[in-house]
*Asks:* 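After the structure tokens below, expect a handful of questions from me.
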Amino acid sequence: EVSSLGKDEKQYQSSLSEINTKSGKLSSEIRKKGQINKLQQRIQAIIAEEARKNRATPKSAAQEEYIANLSGRFDQNKGLLPYPVRGGVIVDRYGVHPHATQKGLMVNNKGVNIASGSGAEVRAVFEGDITQIACAGLNNTVIIRHGNYLTTYSNLASVNVKTGDKVTLNQVIGRLSNSDDSDDCVLHFEIWKETENLNPEQWLRR
């Protein structure tokens, strides 16, 4: 009987340990979901401010031509843009959908989350101008303006560009974390046309 009680106790402890592990993972997911939500709200506010500043800034004929040309070329590359991280894999898709691993959790992703290797280089998907670098909830966020389009790159552990820089296609703008935690090696990437949020999956090369 003592042996049976010992067995039951072991099973109980094992179940408790499993519940605690699952609970810990769920809490971690909820925390990360909260971070992503805050990040997206911060990006949306930055984008709105960018659009307001862009409208309010007087432009010469040459600047108007540059914007129209860059916007047109970006537009022509729909479905052809390179991934911002080499060998990256989309692990969380655009839009409202159930969480990939946690039942009952819904995700409203305004971009895509792209997993890559530890310390991976993050590159500009098109030429443009660095319009802002912010700490927006998940490490650093870099925003690049391509005429009337903007791309945002979040969760950069390090950045090697500054506001006002002109960047070229595939130029390295920063790196992901060197952490062993795979969650730290995920880039959150968004595309906007001024204040209109776009689905990056329709723009990145398939």
*Asks:* Less than 4.5 Å apart, side chain to side chain, heavy atoms only: is that true for Leu70 and Glu127?
*Replies:*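 Yes, at least one pair of side-chain atoms sits under 4.5 Å.
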*Asks:* Can you name the salt bridge (charged side-chain N to carboxylate O under 4.0 Å, His left out) partners of Glu194, sequence neighbours left out?
*Replies:*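 Arg145.
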*Asks:* Considering all heavy atoms of both residues, which atom of Pro82 and which atom of Val125 are nearest to each other, and what is their separation?
*Replies:*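 Scanning both residues completely, I find the closest heavy atoms to be O-CG1, 3.2 Å.
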*Asks:* Can you tell me how far CD1 of Ile143 sits from OG1 of Thr131, rounded to the nearest 0.5 angstrom?
*Replies:*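 Separation between the atoms: 7.0 Å.
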*Asks:* To the nearest 0.5 angstrom, please state how far the CG atom of Leu187 sits from the OG atom of Ser177.
*Replies:*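 With rounding to 0.5 Å, CG (Leu187) is 12.5 Å from OG (Ser177).
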*Asks:* Partners of Asn197 by side-chain hydrogen bond (donor to acceptor under 3.5 Å, both in side chains), sequence neighbours excluded?
*Replies:*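 Scan of Asn197 (side-chain hydrogen bond (donor to acceptor under 3.5 Å, both in side chains), adjacent residues dropped) gives Tyr94.
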*Asks:* Answer yes or no: is there a donor N or O on one side and an acceptor on the other, between the side chain of Gln63 and the main chain of Ser60, under 3.5 Å?
*Replies:*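 Yes, Gln63 side chain to Ser60 backbone: donor-acceptor pair under 3.5 Å.
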*Asks:* Indicate the atoms forming the closest heavy-atom contact of Thr195 with Ala48, along with that distance.
*Replies:*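 Heavy atoms only, the tightest pair is CG2-CA, 4.1 Å.
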*Asks:* Any side-chain heavy atom of Ile43 within less than 4.5 Å of one from Lys110?
*Replies:*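 The answer is no; the side chains never approach within 4.5 Å.
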*Asks:* With a 4.5 Å heavy-atom cut-off, do Val142 and Val122 have their side chains touching?
*Replies:*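 A side-chain contact is absent here, since even the closest heavy-atom pair is not under 4.5 Å.
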*Asks:* Do Val161 and Gln171 touch side chain to side chain, with heavy atoms closer than 4.5 Å?
*Replies:*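 Result yes, sub-4.5 Å side-chain heavy-atom pair found.
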*Asks:* Side chains of Asp92 and His97 only: does a donor on one sit below 3.5 Å from an acceptor on the other?
*Replies:*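 Per modelled atom types, Asp92 and His97 side chains form a pair under 3.5 Å.
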*Asks:* Between Asn155 (side chain) and Val186 (backbone), is there a donor-acceptor pair under 3.5 Å?
*Replies:*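 Looks like yes, one N/O pair under 3.5 Å.
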*Asks:* With Trp203 as reference, evaluate Thr151, Asn77, Asp75, Leu80 under the side-chain contact (heavy atoms from CB on, under 4.5 Å) test and give the passing residue.
*Replies:*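 Testing Trp203 for a side-chain contact (heavy atoms from CB on, under 4.5 Å) against Thr151, Asn77, Asp75, Leu80 leaves exactly one candidate, Asp75.
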*Asks:* Heavy-atom distance under 4.5 Å between the side chains of Tyr153 and Phe189, does that happen here?
*Replies:*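 Yes; the side chains approach each other to less than 4.5 Å.
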*Asks:* I'd like to know whether Lys162 forms a side-chain contact (heavy atoms from CB on, under 4.5 Å) with Asp165, so could you lay out the CA-CA distance, the side-chain angles of the two residues, the decisive distance to 0.1 Å, and finally the verdict.
*Replies:* CA-CA 6 Å; Lys162 61 186 186 301; Asp165 281 359; 3.2 Å; yes
*Asks:* About how many Å separate CD1 of Ile144 and CD1 of Ile130, when rounded to the nearest 0.5 Å?
*Replies:*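 These two atoms lie 4.0 Å from each other.
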*Asks:* Would you please name every residue forming a side-chain hydrogen bond (donor to acceptor under 3.5 Å, both in side chains) with Glu49, sequence neighbours left out?
*Replies:*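 Arg52.
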*Asks:* Can you confirm whether the side chains of Asn170 and Arg86 place a donor and an acceptor under 3.5 Å from each other?
*Replies:*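 There is such a pair between these side chains.
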*Asks:* Answer yes or no: is there a donor N or O on one side and an acceptor on the other, between the side chain of Lys59 and the main chain of Asn54, under 3.5 Å?
*Replies:*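 Yes; judged by distance alone, with no hydrogens or angles, the pair exists.
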*Asks:* Which one of Val107, Ile90, Val91 satisfies the side-chain contact (heavy atoms from CB on, under 4.5 Å) criterion with Asn113?
*Replies:*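 Of Val107, Ile90, Val91, side-chain contact (heavy atoms from CB on, under 4.5 Å) with Asn113 is met by Val91 alone.
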*Asks:* Side-chain contact, heavy-atom cut-off 4.5 Å: Val96 with Met106?
*Replies:*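 Answer yes - side chains close enough.
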*Asks:* Leu156 versus Asn139: any side-chain heavy-atom pair under 4.5 Å?
*Replies:*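 No. Closest side-chain heavy atoms not under 4.5 Å.
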*Asks:* Determine whether Ile173 and Pro84 make a side-chain contact, defined as any pair of heavy atoms from C-beta on separated by less than 4.5 Å.
*Replies:*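 No - every pair of side-chain heavy atoms lies 4.5 Å or more apart.
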*Asks:* To the closest 0.5 Å, what do you measure between NE2 (His188) and CD (Gln40)?
*Replies:*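 It is 4.0 Å, given to the nearest 0.5 Å.
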*Asks:* Between Phe126 and His146, how do the two ring planes meet: parallel, tilted or perpendicular, split at 30° and 60°?
*Replies:*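 It falls in the perpendicular class, over 60°.
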*Asks:* Could you grab the distance from atom CG of Asn178 to atom SG of Cys185, nearest 0.5 Å is fine?
*Replies:*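 So the gap between those two atoms works out to 8.0 Å.
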*Asks:* Might you point out which heavy atoms bring Ala124 and Val167 nearest each other, and give the distance in Å?
*Replies:*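 Taking Ala124 first and Val167 second, the nearest heavy atoms are CB-CG2, 4.1 Å.
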*Asks:* With sequence neighbours left out, which residue pairs that include part of residues 166-176 fulfil the salt bridge (Lys or Arg N to Asp or Glu O under 4.0 Å) condition?
*Replies:*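 Counting only pairs at least two positions apart or across chains, the salt bridge (Lys or Arg N to Asp or Glu O under 4.0 Å) contacts touching residues 166-176 are Glu121-Arg175, Asp129-Lys166.
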*Asks:* Look up atom CZ in Arg42 and atom OG1 in Thr152, then write down how far apart they are to the nearest 0.5 Å.
*Replies:*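 Atom-to-atom, Arg42:CZ and Thr152:OG1 are 12.5 Å apart.
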*Asks:* Taking side-chain hydrogen bond (donor to acceptor under 3.5 Å, both in side chains) as the test, write out the residues that go with Asn69, two or more places apart.
*Replies:*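 Expected list: Arg73.
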*Asks:* I need the minimum non-hydrogen distance between Asn148 and Ser71, along with the two atoms involved.
*Replies:*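 Closest approach of Asn148 to Ser71: N-OG, 2.7 Å.
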*Asks:* Can you name the residues that form a side-chain hydrogen bond (donor to acceptor under 3.5 Å, both in side chains) with Lys53, not counting sequence neighbours?
*Replies:*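 Per chain and number, Lys53 pairs via side-chain hydrogen bond (donor to acceptor under 3.5 Å, both in side chains) with no residue.
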